[in-house]
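Proteins get letters first, then strands, A, B, ... in listed order; numbering begins at 1 in each. These figures come from a predicted structure and were not determined experimentally.
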Number of protein chains: 2
Amino acid sequence: MRKVADSTVRRLSLYLRFLDEFEGQGVETVSSAALAQRGGTTSAQVRKDLSFFGSFGKRGLGYFVPELAQRLRQILGLGRRYRVAMIGAGKIGSALVQYRGFQQSGFDIVSIFDVDPAKIGTQWNGLTVRSIDELDRDLRAQPVDMAVLVTPADAAQAVTERLVALGVKAILNFAPAQLNVPDEVVVKTVNLALELETLSYALTNR
Amino acid sequence: MRKVADSTVRRLSLYLRFLDEFEGQGVETVSSAALAQRGGTTSAQVRKDLSFFGSFGKRGLGYFVPELAQRLRQILGLGRRYRVAMIGAGKIGSALVQYRGFQQSGFDIVSIFDVDPAKIGTQWNGLTVRSIDELDRDLRAQPVDMAVLVTPADAAQAVTERLVALGVKAILNFAPAQLNVPDEVVVKTVNLALELETLSYALTNR
DNA sequence: GTTTGTGAAACGATTCACAGCT
DNA sequence: AGCTGTGAATCGTTTCACAAAC
């Protein structure tokens, strides 16, 4: 598959959300213009985004909502569920474990690890926090598809290397650190303080 | 000020972090190449990013670490602290209130609001959760610079309109909803499930 | 008549490459 | 000699505009 821009993939995720909404409202077909309006973009952008993957619409009519939703799920790899390990049982970790949006999109958090003896053994949303020492054993017995990293910055790289060695191929990183991984592993870093800083910049420069 | 790309602003935030690190290590000067390596970009990119705002380096030498850090803080509007209201005392809200990265970057969460009577009046990290009914009164008495929105999607737009009416000019939105705001208000939406979906896409298409 | 799908054009961001300063 | 600052070139993304399909 030819390289598709990250911005395109993100928009496809959005379109899928809107399609689910439309489907819930019983809407049967949708035009690129309608999707565009809902997503704050243009109809040409919507059509171009979809055109990377095929032609799913009917001229003069638009797209069949359930069909396009199905196609997008396929494209995004959301036709299955994913097993996710949470590394770090701090504040953010605790919130994410209970965040329903993950489950709704097909991501099941199946284990939590921490270094803190005070946390190990406690119950989090039905899961027992495991010692990070058990990471290798646990993940070998019950492999995961992805990891969510919510450790302090200085621990992030070391844990990442263990995860990579265990075959984890995708990491969502909340630690404010740059992770070095081999090419076959995909990392997405979310830096919450940085998001506020872009707001601060916008407030300042006007 | 001429329009600067969002990607540029985000990199500036990163550079500032690295400069703080370098400063902590007693490093006095840094080249664009060194900053680039730390940030996973190129030296030309670093110099171009900075050039939008002035010329801060010395040819043949590089940049003075404390001076450049100071300049970046100024550019990003981080020479002051910001008062932030948290709207929604759910899981994510609770995590963010305690997230130290916000404070470290100059963002102080000074109030929390929720609709749930069971939560109103409880203490969160030293703050009392207030009823959303008190939003107008509270924010008029103690204005804030920004709001972090962590409500359910269907409540987001209504709260946003109240915040805008109260003069809030920047909103960090975690609700999976598109917010409509006037031009003078800046919104940054973070959609956590969507980040996992980009990973799912990357895993699927290889 | 309406709306898609898509080359072509326009725009924007990144990289190159080098003159100019220290 | 080393490194910045920047115009020019390149690369990638978005927008335009229209022929083709229904």
Round to a whole Å and report the spacing from [atom1] of [X] to [atom2] of [N].
X: B/Leu50; N: D/dT6; atom1: CG; atom2: P; value: 11 Å
X: A/Leu61; N: C/dT3; atom1: CG; atom2: P; value: 9 Å
X: A/Phe56; N: D/dA21; atom1: CZ; atom2: P; value: 18 Å
X: B/Lys48; N: C/dT15; atom1: NZ; atom2: P; value: 12 Å
X: B/Tyr15; N: D/dT4; atom1: OH; atom2: C1'; value: 14 Å
X: A/Phe64; N: C/dT4; atom1: CZ; atom2: P; value: 12 Å
X: A/Arg71; N: C/dT4; atom1: CZ; atom2: P; value: 16 Å
X: B/Lys58; N: D/dA1; atom1: NZ; atom2: C1'; value: 18 Å

When you check the phosphate oxygens OP1 and OP2 of [N], does a side-chain N or O of [X] lie under 4.0 Å from one of them?
X: B/Gln45; N: C/dA13; answer: no
X: B/Arg47; N: C/dT15; answer: no
X: A/Arg59; N: D/dA19; answer: no
X: A/Tyr63; N: D/dC22; answer: no
X: A/Thr42; N: D/dT15; answer: yes

Side chain to side chain contact (heavy atoms under 4.5 Å, CB included) between A/Val4 and A/Phe53, intermediate numbers included: CA-CA 9 Å; A/Val4 172; A/Phe53 301 94; 3.8 Å; yes
Result for 5'-nearest mapping on DNA chain D, choosing between A/Asp6 and B/Val30, is B/Val30
By nearest-nucleotide position on DNA chain D, the 5'-leaning member of A/Ala44 and B/Gly57 is B/Gly57
Under 4.0 Å between any heavy atoms, over every strand shown, what does A/Ser32 touch: base, sugar-phosphate, or nothing? Just pick one. sugar-phosphate
Within the 4.0 Å heavy-atom criterion, would you say B/Ser7 contacts the bases, only the backbone, or no part of the nucleic acid? sugar-phosphate
Do B/Glu197 and A/Arg17 sit within salt-bridge range, that is, some charged N less than 4.0 Å from a carboxylate O? yes
Taking only Lys NZ, Arg NE, NH1 and NH2, and the carboxylate oxygens of Asp or Glu, determine whether A/Arg10 and B/Glu195 approach each other closer than 4.0 Å. yes
Quick check on side-chain contact (heavy atoms from CB on, under 4.5 Å): which of B/Ile132, B/Val150, B/Val148, B/Ile171 does B/Ile87 satisfy it with? B/Ile132
I want to check something: taking the side chain as every heavy atom from C-beta on, are B/Leu135 and B/Leu163 in contact at a cut-off of under 4.5 Å? yes
